[in-house]
Enquirer: 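This is the structure I have questions about; it appears just below.
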Amino acid sequence: MEYSIRQVDYKNGCSDRIVLCLGFFDCVHRGHNSLIQRAKLFAKIDYAKSAVFTFCGNPFSGLGRGDKEIFTYEERTFRLWQLGVDIVVKAVPDEKFFSTSPEGFLDGLFDKFNISAIIAGSDFTYGAGAQGNAETLKNYCKEHGADCYIVDMVEYAEGKKIASREIREMVKKGDIVRINELLPLPYIVAGRVVKGRHDGTTIGTPTANVNIPEEKLPVASGVYDTNVLVDGGRLRAVTSVGEHPTFGDNHYNVESYILHWNSNIYGKFIVVEFLKKLRDIKKFDTKEDLAAQIARDAARVLEW
């Protein structure tokens, strides 16, 4: 599933007039999407480009934390492309970046970019020690001749705001249906297809294998109803996440049995859309038993 979105380094800037969304956009949830859609609207009115700021790497590492990303940078850029964003402004989340003062961060943006307006959530903070906030951002923009729109956080229930930290816990539990209620589009795992042990081929269910990057928060082990985006198409699939006990393989990966697909897929970039969990991973007594279960899984997927 090839895609193309313009990516600009925070340090280099660009001359295009932009409406810029500020944040991390870890999983690009519905709250993030509300910022993005406003940016697209204002950009259209002002003959500008919509842009989103994010990190090309794991910002938690730069902050000395052990947390992992819900979406990798590549997955975030893909999702932003899906949502119609024109430009991704990327920054390296290193110690130097996080030691920059709030004013220094904004100075860097306004020196290098032609900013028409900035859009941020009401809980947005920035700069060393998270000293900058929505109010200081508004004041800075006013002084520098740019519009600033502060957007309230989106609620999924009365008094309950959509937050990445809650989605993070859902990913750990594999609660895909609940996750997808909080995202504008289904939860995804993306990457290049790598060669596996060919166990699927031996039982008549060849799979597309994707390794999970170290920085990505792994979704809970299990077998899922999924779609696979490849070569411009969206195909139904059964996806196994985790280890492979029937074959004595303890390697955690994501492998998708794509229904009605028989072309060579090695090395291709694919996106796996997760729809719901089918069952837990289990060890089968024989390969034939596993093949029979996969056939039942596939039948359930096709029914839906």
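For reference, positions follow the sequence shown, starting with 1. Heavy atoms only: backbone and side chains are in, while hydrogens, waters and symmetry mates are out. Worth saying up front: this structure is predicted, and the values here are computed from it rather than measured.
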Enquirer: Quick one, Q293 with D289, criterion side chain to side chain donor-acceptor pair (under 3.5 Å). Give me CA distance, side-chain angles, the key distance, then yes/no.
Expert: CA-CA 6 Å; Q293 179 59 61; D289 289 341; over 6 Å; no

Enquirer: Compute whether any side-chain donor of one residue and acceptor of the other, for N139 and E143, lie under 3.5 angstrom apart.
Expert: no

Enquirer: Looking only at side-chain N and O atoms, does S116 offer a donor or acceptor that is under 3.5 Å from a partner on D46?
Expert: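 Yes, a side-chain donor-acceptor pair sits under 3.5 Å.
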
Enquirer: Output, in order, the C-alpha distance, side-chain angles, deciding distance and verdict of ring-ring contact (aromatic ring centres under 6.0 Å, His included) for F60 and F24.
Expert: CA-CA 11 Å; F60 302 115; F24 171 25; 5.8 Å; yes

Enquirer: Check for me whether the distance between the ring centres of Y126 and Y140 falls short of 6.0 Å.
Expert: no

Enquirer: If you define the side chain from C-beta out and look only at heavy atoms, does anything of M170 sit under 4.5 Å from L182?
Expert: yes

Enquirer: Provide the closest heavy-atom pair for D86 versus S50 in the form atom of the first, atom of the second, distance.
Expert: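 The answer is OD2-N, 2.9 Å.
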
Enquirer: Verify the ring-centre separation between Y3 and F269: is it less than 6.0 angstrom?
Expert: yes

Enquirer: Is there side-chain contact between L137 and F124, with heavy atoms separated by less than 4.5 Å?
Expert: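 Counting from C-beta outward, L137 and F124 do come under 4.5 Å.
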
Enquirer: Any side-chain heavy-atom pair from Y73 and Q7 closer than 4.5 angstrom?
Expert: yes

Enquirer: Pairing donors with acceptors under 3.5 angstrom, does anything connect the side chains of S15 and N114?
Expert: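 No donor-acceptor contact under 3.5 Å links the two side chains.
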
Enquirer: Could you check whether any side-chain heavy atom of D16 comes within less than 4.5 Å of a side-chain heavy atom of R6, counting everything from C-beta outward?
Expert: yes

Enquirer: Would you sort out whether K268 and D231 count as a salt bridge (Lys or Arg N to Asp or Glu O under 4.0 Å), showing the intermediate values?
Expert: CA-CA 8 Å; K268 291 187 176 182; D231 286 350; 2.6 Å; yes

Enquirer: Please say whether more than 12 non-hydrogen atoms of neighbouring residues, nucleotides or ligands are located less than 6.0 Å from NZ in K138.
Expert: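 No - once you tally the heavy atoms of other residues, nucleotides and ligands closer than 6.0 Å, there are 12 at most.
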
Enquirer: Within the 4.5 Å heavy-atom criterion, are V92 and C56 side-chain neighbours or not?
Expert: yes

Enquirer: Among side-chain atoms of Y156 and E166, is any donor-acceptor pair under 3.5 angstrom?
Expert: yes

Enquirer: Looking at Y10 versus F105, is the centre-to-centre ring distance below 6.0 Å?
Expert: yes

Enquirer: Please find the pair of heavy atoms, one from T207 and one from E255, that lie closest to each other, and give the distance.
Expert: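 Minimum heavy-atom separation between T207 and E255: OG1-OE1, 2.8 Å.
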
Enquirer: Do the numbers put K40 on top of the ring of F42, so that NZ or CZ is under 6.0 Å from the six-membered ring centre and no more than 45° off the axis?
Expert: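 No, cation not above the ring by the 6.0 Å, 45° rule.
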
Enquirer: Assess whether side chain to side chain contact (heavy atoms under 4.5 Å, CB included) is satisfied between I36 and V28, documenting all intermediate values.
Expert: CA-CA 9 Å; I36 291 168; V28 198; 4.1 Å; yes

Enquirer: Kindly assign one of parallel, tilted or perpendicular to the pair Y187 and F274, based on the angle between their ring planes and the thresholds 30° and 60°.
Expert: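 Judged by the thresholds at 30° and 60°, the geometry between Y187 and F274 is perpendicular.
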
Enquirer: Would one find more than 12 heavy atoms of other residues, nucleotides or ligands at under 6.0 Å from atom CZ of R17?
Expert: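 For R17, atom CZ is crowded (more than 12 foreign heavy atoms under 6.0 Å).
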
Enquirer: Could you go step by step and tell me if I212 and N253 meet the side chain to side chain contact (heavy atoms under 4.5 Å, CB included) rule?
Expert: CA-CA 6 Å; I212 300 297; N253 73 342; 5.8 Å; no

Enquirer: Give a yes or no on whether E155 atom CD has more than 12 heavy-atom contacts from other residues, nucleotides or ligands under 6.0 Å away.
Expert: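 Yes, because the 6.0 Å sphere around CD of E155 holds more than 12 heavy atoms from other groups.
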
Enquirer: Are the side chain of H32 and the backbone of H29 linked by a donor-acceptor contact shorter than 3.5 Å?
Expert: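 Answer holds: yes.
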
Enquirer: Taking side chain as C-beta onward, heavy atoms only, is L217 less than 4.5 Å from F71?
Expert: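 They are not in side-chain contact.
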
Enquirer: Ignoring hydrogens, what is the shortest heavy-atom contact between G31 and V154? Give both atom names and the distance.
Expert: CA-CG2, 3.6 Å

Enquirer: Does K68, at its NZ atom, have more than 12 non-hydrogen atoms belonging to other residues, nucleotides or ligands within less than 6.0 Å?
Expert: yes

Enquirer: I'd like to know if the side chain of R192 and the backbone of G267 have a donor-acceptor N/O pair within less than 3.5 Å.
Expert: yes

Enquirer: Do you know which of K276, R279, R236 makes salt bridge (charged side-chain N to carboxylate O under 4.0 Å, His left out) with D297?
Expert: R279

Enquirer: Any donor-acceptor pair under 3.5 Å linking the side chain of T226 with the backbone of A237?
Expert: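 Answer holds: yes.
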
Enquirer: Quick one: does any side-chain atom of E75 pair with a main-chain N or O of T72 as donor and acceptor, under 3.5 Å?
Expert: yes

Enquirer: Whether the side chain of D9 engages the backbone of K11 through a donor-acceptor N/O pair (distance < 3.5 Å, no angle test) should be reported.
Expert: yes

Enquirer: Under a 4.5 Å cut-off applied to non-hydrogen side-chain atoms, are F113 and I18 in contact?
Expert: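 The answer is yes, as the side chains (C-beta and beyond) meet within the 4.5 Å cut-off.
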
Enquirer: So which atom in V219 and which in G174 form the shortest heavy-atom distance, rounded to 0.1 Å?
Expert: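 Closest approach of V219 to G174, heavy atoms only: CG2-CA, 4.2 Å.
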
Enquirer: Flag the pair I5 / L80 as yes when at least one side-chain heavy-atom distance between them is below 4.5 Å, and no otherwise.
Expert: yes

Enquirer: Can you see which heavy atom on I188 is nearest to which on K216, and at what distance?
Expert: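 Minimum heavy-atom separation between I188 and K216: O-NZ, 3.5 Å.
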
Enquirer: Test side chain to side chain contact (heavy atoms under 4.5 Å, CB included) on L183 and R30; report intermediate values, then the result.
Expert: CA-CA 5 Å; L183 303 183; R30 281 170 42 206; 5.7 Å; no

Enquirer: Going through the checks in order, is the ring-ring contact (aromatic ring centres under 6.0 Å, His included) test met by F25 and F55?
Expert: CA-CA 9 Å; F25 298 88; F55 295 107; over 10 Å; no

Enquirer: Would a distance-only check, ignoring hydrogens and angles, find a side-chain to backbone donor-acceptor pair under 3.5 Å from W261 to S263?
Expert: yes

Enquirer: Please check this pair: side chain of N264 against backbone of Y266, looking for a donor-acceptor N/O pair closer than 3.5 Å.
Expert: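 Indeed, once roles are kept as given, a pair shorter than 3.5 Å links the two residues.
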
Enquirer: Which is it for H260 and L235 under the side chain to side chain contact (heavy atoms under 4.5 Å, CB included) test, yes or no, and what are the steps along the way?
Expert: CA-CA 8 Å; H260 308 132; L235 304 171; over 6 Å; no

Enquirer: Of the non-hydrogen atoms in P93 and G57, which two are nearest, and what is the gap between them?
Expert: CG-C, 3.8 Å

